Peer 1: 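Just passing along the structure, written as structure tokens.
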Amino acid sequence: AARERDGVAYRAAVSQALAVVGQLEGLVENLLLLARVDAGQLEPKWERVALRAFVDDCWAAVAARAEARGLRFTNAVPETCTLELDRARLRMIVGNLLSNAVAYTEKGGAIVVDAEGVVVRVKDSGPLVPTAELERIFLPFVRLDPSRTGTGEHSGIGLALVRALCRSLGLEVTARPADGWLAFEVTHPRS
């Protein structure tokens, strides 16, 4: 508004502004959800989930970004694997883990999802997170790679939200190195 522009330039400026508003809206929604989950204000809706097909659905949301980065994806969840969980919360958990894997795995790398001995595991070929930082990445607004600050892709809330959602379902989430891979594992604390 400070200077005259042609219609194309105004449309481009409005488009950029809308993108920023969309990013801010997503951040606010995630912060509100995190607060509600932490306060125990949301009751889980338990239902049977066929995990392999569910993972494929979650992957569809990030597949184009992964392809653009040359990432390979393998869904190694057995066809017969089913869970009794809140589908919406599980979608946010798996969706956030996959989104992070797509954003942070080195170009040309690989992402594998399986359920061997866990509720679900999302592994990527790296780079690995320093062992001393593995617990810290679940804190709100923590980003280990300062070059990603301000990219608009991630706000530093995703893994904190994943942890809160897991706790609300009686689950745990951890990150650990696994044979040269970085593995995010969602487990039942009793098992």
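Here the structure is a predicted model, which is why all the values come from computation and not from measurement.
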Peer 1: With a 4.5 Å heavy-atom cut-off, do V122 and D114 have their side chains touching?
Peer 2: no
Peer 1: Answer whether the closest heavy-atom distance between the side chains of V113 and L97 falls below 4.5 Å.
Peer 2: no
Peer 1: Can you tell me how far the CG atom of L85 sits from the CD1 atom of I93, to the nearest 0.5 Å?
Peer 2: 7.5 Å
Peer 1: Answer whether the closest heavy-atom distance between the side chains of V120 and L83 falls below 4.5 Å.
Peer 2: no
Peer 1: What's the verdict on side chain to side chain contact (heavy atoms under 4.5 Å, CB included) for V112 and N75, showing C-alpha distance, side-chain angles and the deciding distance?
Peer 2: CA-CA 6 Å; V112 176; N75 183 348; over 6 Å; no
Peer 1: Is there side-chain contact between T82 and V49, with heavy atoms separated by less than 4.5 Å?
Peer 2: no
Peer 1: Is there a side-chain contact between L90 and V186 (heavy atoms, below 4.5 Å)?
Peer 2: no
Peer 1: Could you check whether the rings of F138 and F184 sit parallel, tilted or perpendicular, using 30° and 60° as the cut-offs?
Peer 2: perpendicular
Peer 1: Has D86 got a side-chain atom pairing as donor or acceptor with K45's backbone, closer than 3.5 angstrom?
Peer 2: yes
Peer 1: Between S125 and R72, does any side-chain donor sit less than 3.5 Å from a side-chain acceptor?
Peer 2: no
Peer 1: With rounding to the nearest 0.5 angstrom, report the CG to CG distance, N100 to L159.
Peer 2: 4.5 Å
Peer 1: Indicate the atoms forming the closest heavy-atom contact of R121 with E116, along with that distance.
Peer 2: NH2-O, 3.0 Å
Peer 1: Hey, what do you get for CZ (R91) to CG (D57), rounding to the nearest 0.5 Å?
Peer 2: 5.5 Å
Peer 1: Please determine whether the number of non-hydrogen atoms from other residues, nucleotides or ligands lying under 6.0 Å from atom CD of E67 exceeds 12.
Peer 2: no
Peer 1: Check for a donor-acceptor pair, side chain of T105 on one end and backbone N or O of A101 on the other, with a separation under 3.5 Å.
Peer 2: yes
Peer 1: With sequence neighbours left out, write down each residue that passes salt bridge (charged side-chain N to carboxylate O under 4.0 Å, His left out) with R52, or none if nothing qualifies.
Peer 2: E79
Peer 1: What distance do W46 atom CH2 and R89 atom CZ have between them, rounded to the nearest 0.5 Å?
Peer 2: 7.5 Å
Peer 1: Taking a hydrophobic cluster as the set of Ile, Leu, Val, Met, Phe, Trp and Tyr residues connected by side-chain heavy atoms closer than 4.5 Å, whether directly or through intermediates, do L71 and V129 fall within one such cluster?
Peer 2: yes
Peer 1: Judged by atom type as modelled, is there a donor-acceptor pair below 3.5 Å linking the side chain of S168 to the main-chain atoms of L165?
Peer 2: yes
Peer 1: Output the distance between atom OH (Y104) and atom CD1 (I137), rounded to the nearest 0.5 Å.
Peer 2: 10.0 Å
Peer 1: Pairs under 3.5 angstrom only: tabulate donor-acceptor contacts from the side chains of residues 169-181 to other protein residues two or more places apart or in another chain.
Peer 2:
residue: R176; atom: NE; partner: E185; partner atom: OE1; Å: 3.2
residue: R176; atom: NE; partner: E185; partner atom: OE2; Å: 3.2
residue: R176; atom: NH2; partner: E185; partner atom: OE2; Å: 2.9

Peer 1: Find the distance between CZ (R48) and CD (E84) and round it off to the nearest 0.5 Å.
Peer 2: 5.0 Å
Peer 1: Would you mind reporting whether I111 and W59 have side-chain heavy atoms less than 4.5 Å apart?
Peer 2: yes
Peer 1: Restricting to side chain to side chain contact (heavy atoms under 4.5 Å, CB included), what partner residues turn up for R11, sequence neighbours left out?
Peer 2: V8
